[in-house]
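Values reported hereafter were calculated over all heavy atoms of this structure, with side chains retained and with hydrogens, waters and symmetry mates removed. If you're wondering where the values come from, they're calculated on a predicted model, not measured in any experiment. Note that ligands are numbered from 1 as they come in the structure, with each ligand's atoms numbered from 1 the same way.
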Amino acid sequence: MKLEEIYQNVIDGQAPAVQAGVAAALAEGMKADAILNQALIAAMDEVGRRFEAGDFFVPEMLIAARAMQAGLALLKPHLADAEVKSAGKVAIGTIKGDLHDIGKNLVAMMLEGAGFEVKDLGVDVAPETFVQAAKSGVRVIGMSALLTTTMPNMQRTIEALSNAGVRDKVKVIVGGAPVTEDYAKRIGADAFAPDASSATRVIRKLVS
Ligand code: B1M
């Protein structure tokens, strides 16, 4: 019941109600990943479907995204993976031309929860900024993309890392709704992860 309410309040963009719902669900002992997957992420999928169908426009998407972020903030401390030890530095950002940051933030949160030191480069991140991060000693570069139009900037970033002579100093992982394992291979990334929890697992493997 709580999950359905949270789901609906994300779709309706009711940030305070989402926060109240998440807080109540946690207080009742509901698992953070159930709240995340069955309410918050499921609601954003529905928002995407409504946008595609022409029932929602950018303002509705944005308000729903804000409501989801409000819920995520409360979940953050509960997404930690207690079994994991500190494993190194990861720089993560949404690629150039792309302003979507919910998935990227989620990956960053899960990594922090898993004990990684995360340098969040933000959104619309230029290849040169990723190169600077690689030069600063991070072990992993994570790129997130949500738009098919700007996805090629992942490959441009990998090329920029090679041109700057730092490609072999870092591991590169890519993800985001339109990104696939096959695409990751084609552009020369080291890894792909379909969601935030598997990203943590994959990155742990990359640095081990
Ligand atoms: Co936009 N948007 N949006 N949007 N938006 C999509 C992506 C879209 C699919 C909607 C649709 O048409 N159904 C569509 C893209 C179509 C395409 O490219 N083929 C779209 C569009 C078209 C646009 C605009 C162009 C709309 C316009 O202005 N006309 C515009 C672009 C702006 C820009 O970026 N330059 C735009 C704007 C926006 C808002 C600003 C309103 C808002 C973003 C707010 C924000 O992020 N702060 C927004 C939103 C909210 C969405 C949808 C509805 C939801 C995205 C989301 O947050 N999902 C989205 C539809 C959809 O995806 N269902 C849509 C939840 C999030 C948790 O999932 O990001 O996939 P996701 O992350 C997952 C995994 O992918 C993975 O882990 C995460 C969690 O498990 N993952 C990684 C992500 N990054 C990873 C990195 C990794 C590993 C895993 O390693 C490093």
Side-chain angles (χ1 to χ4, degrees), residues 7 10-11 13 15 18 32-73 75-76 79 90-114 116 118-125 130 133 138-154 157-158 170-181 183-184 187 189-207:
Y7 172 91
V10 171
I11 294 173
V18 170
D33 61 346
I35 303 172
L36 178 66
N37 293 313
Q38 292 167 38
L40 301 183
I41 291 183
M44 290 315 290
D45 283 345
E46 176 58 20
V47 169
R49 271 192 290 278
R50 291 187 190 188
F51 179 74
E52 265 174 83
D55 297 331
F56 266 22
F57 298 95
V58 173
E60 283 100 339
M61 259 203 313
L62 194 53
I63 297 167
R66 287 199 186 128
M68 180 184 179
Q69 304 253 30
L72 262 186
L75 278 188
K76 186 175 175 178
L79 292 172
V90 179
I92 187 166
T94 304
I95 52 159
K96 192 168 170 57
D98 193 334
L99 302 175
H100 295 85
D101 67 356
I102 299 179
K104 183 265 297 170
N105 292 346
L106 201 47
V107 174
M109 270 180 206
M110 298 288 275
L111 284 170
E112 279 175 0
F116 285 90
V118 179
K119 194 172 192 174
D120 189 343
L121 303 175
V123 295
D124 190 19
V125 180
F130 282 109
V138 301
R139 298 179 68 188
V140 178
I141 296 281
M143 285 189 264
S144 180
L146 266 285
L147 296 175
T148 46
T149 44
T150 49
M151 249 167 90
N153 287 330
M154 284 183 158
T157 302
I158 293 176
V170 288
K171 297 286 185 191
V172 175
I173 175 170
V174 294
V179 182
T180 61
E181 179 102 56
Y183 183 76
I187 64 171
D190 297 298
F192 158 78
D195 55 51
S197 51
S198 60
T200 305
R201 235 185 356 262
V202 171
I203 290 175
R204 218 183 290 152
K205 244 193 206 157
L206 284 178
V207 299

Item to check | Contact atoms of ligand 1, heavy-atom distance to Leu106 under 4.0 Å | outcome: 67 (C), 79 (C)
Item to check | Closest approach of Ala65 to Ile102 (non-hydrogen atoms, all atoms of both residues) | outcome: CB-CD1, 3.5 Å
Next on the checklist: Checking contacts now, so for atom 76 (C) of ligand 1, which I'm interested in, is there any protein heavy atom under 4.0 Å?
Outcome noted: yes
Checklist outcome for this item: Quick note on ligand 1: atoms under 4.0 Å from a heavy atom of Ile173 include exactly 90 (O), 91 (C)
Checklist entry - Are any of the N/O atoms in Ala65 less than 3.5 Å from those in ligand 1? => result no
Checklist entry - Is there a protein heavy atom less than 4.0 Å away from atom 91 (C) of ligand 1? => result yes
Item to check | Pairwise side-chain contact, Val90 with Ile173, heavy-atom cut-off 4.5 Å (strictly under) | outcome: no
Checklist entry - Are there protein heavy-atom neighbours of atom 17 (C) of ligand 1 below 4.0 Å? => result yes
Checklist outcome for this item: In terms of its nearest heavy atom to atom 40 (C) of ligand 1, the top option of Asn37, Leu62, Val90, Ile41 is Leu62
Checklist entry - Please state which protein non-hydrogen atom is closest to atom 50 (C) of ligand 1 and give its distance, to 0.1 Å? => result Met44 CE, 3.4 Å
Which pairs would a plain distance check flag for residues 66-73, meaning a side-chain donor or acceptor within less than 3.5 Å of a matching protein atom at least two apart in sequence or in another chain?
unit_1 : atom_1 : unit_2 : atom_2 : d
Gln69  : OE1    : Asn105 : ND2    : 3.4
Gln69  : NE2    : Asp101 : OD1    : 3.1

Checklist entry - Is Asp195 touching ligand 1 with its side chain, its backbone, both, or neither, if touching means heavy atoms under 4.0 Å apart? => result both
Next on the checklist: Please give me the minimum heavy-atom distance between Val123 and His100, naming the atom from each residue.
Outcome noted: CG1-O, 4.1 Å
Checklist entry - Gly142 to ligand 1: N or O pair under 3.5 Å? => result no
Checklist entry - Which residue holds the protein heavy atom closest to atom 34 (O) of ligand 1, what is that atom called, and what is the gap in Å? => result Leu99 N, 2.6 Å
Checklist outcome for this item: For Ser144 and Leu146 the tightest heavy-atom approach is OG-CD2, 4.2 Å
Item to check | Distance-only side-chain donor-acceptor flag, Asn153 / Thr150, under 3.5 Å | outcome: no
Checklist entry - Any donor and acceptor pair, going by atom type alone, linking the side chain of Glu60 with main-chain N or O of Phe57 inside 3.5 Å? => result yes
Item to check | Identity of the nearest option to atom 89 (C) of ligand 1, non-hydrogen atoms only, from Ala193, Pro194, Ala184 | outcome: Ala193
Item to check | Sub-4.5 Å side-chain heavy-atom contact between Val10 and Glu46 | outcome: no
Checklist entry - How far apart are the closest heavy atoms of Val47 and Ala64, and which atoms are they? => result CG2-CB, 3.8 Å
Item to check | Exercise: identify the closest heavy-atom pair between Phe130 and Met143 | outcome: CZ-CG, 3.6 Å
Next on the checklist: Among Pro59, Gly103, Gly97, which one puts a heavy atom closest to atom 73 (C) of ligand 1?
Outcome noted: Gly103
Item to check | For ligand 1, the portion of Asp98 having any non-hydrogen atom under 4.0 Å away | outcome: both
Item to check | Heavy-atom pair with the smallest gap, counting every atom of Tyr7 and Ala39 | outcome: CD1-O, 3.8 Å
Next on the checklist: Are any of the N/O atoms on Thr149, whether in the backbone or the side chain, positioned under 3.5 angstrom from an N/O atom of ligand 1?
Outcome noted: no
Next on the checklist: So, at under 2.8 Å, which protein N, O or S atoms would a careful student list around atom 1 (Co) of ligand 1?
Outcome noted: His100 NE2
Next on the checklist: Tell me whether Gln69 reaches ligand 1 (any heavy atom closer than 4.0 angstrom to a ligand atom).
Outcome noted: yes
Next on the checklist: Below 3.5 Å, N or O to N or O, backbone or side chain included: is there any such pair between Asp101 and ligand 1?
Outcome noted: yes
Next on the checklist: Can you confirm whether some protein heavy atom lies under 4.0 Å from atom 8 (C) of ligand 1, or whether none does?
Outcome noted: no
Checklist entry - Of all the non-hydrogen atoms in the protein, which one sits nearest to atom 81 (N) of ligand 1, and at what distance? => result Gly176 N, 3.5 Å
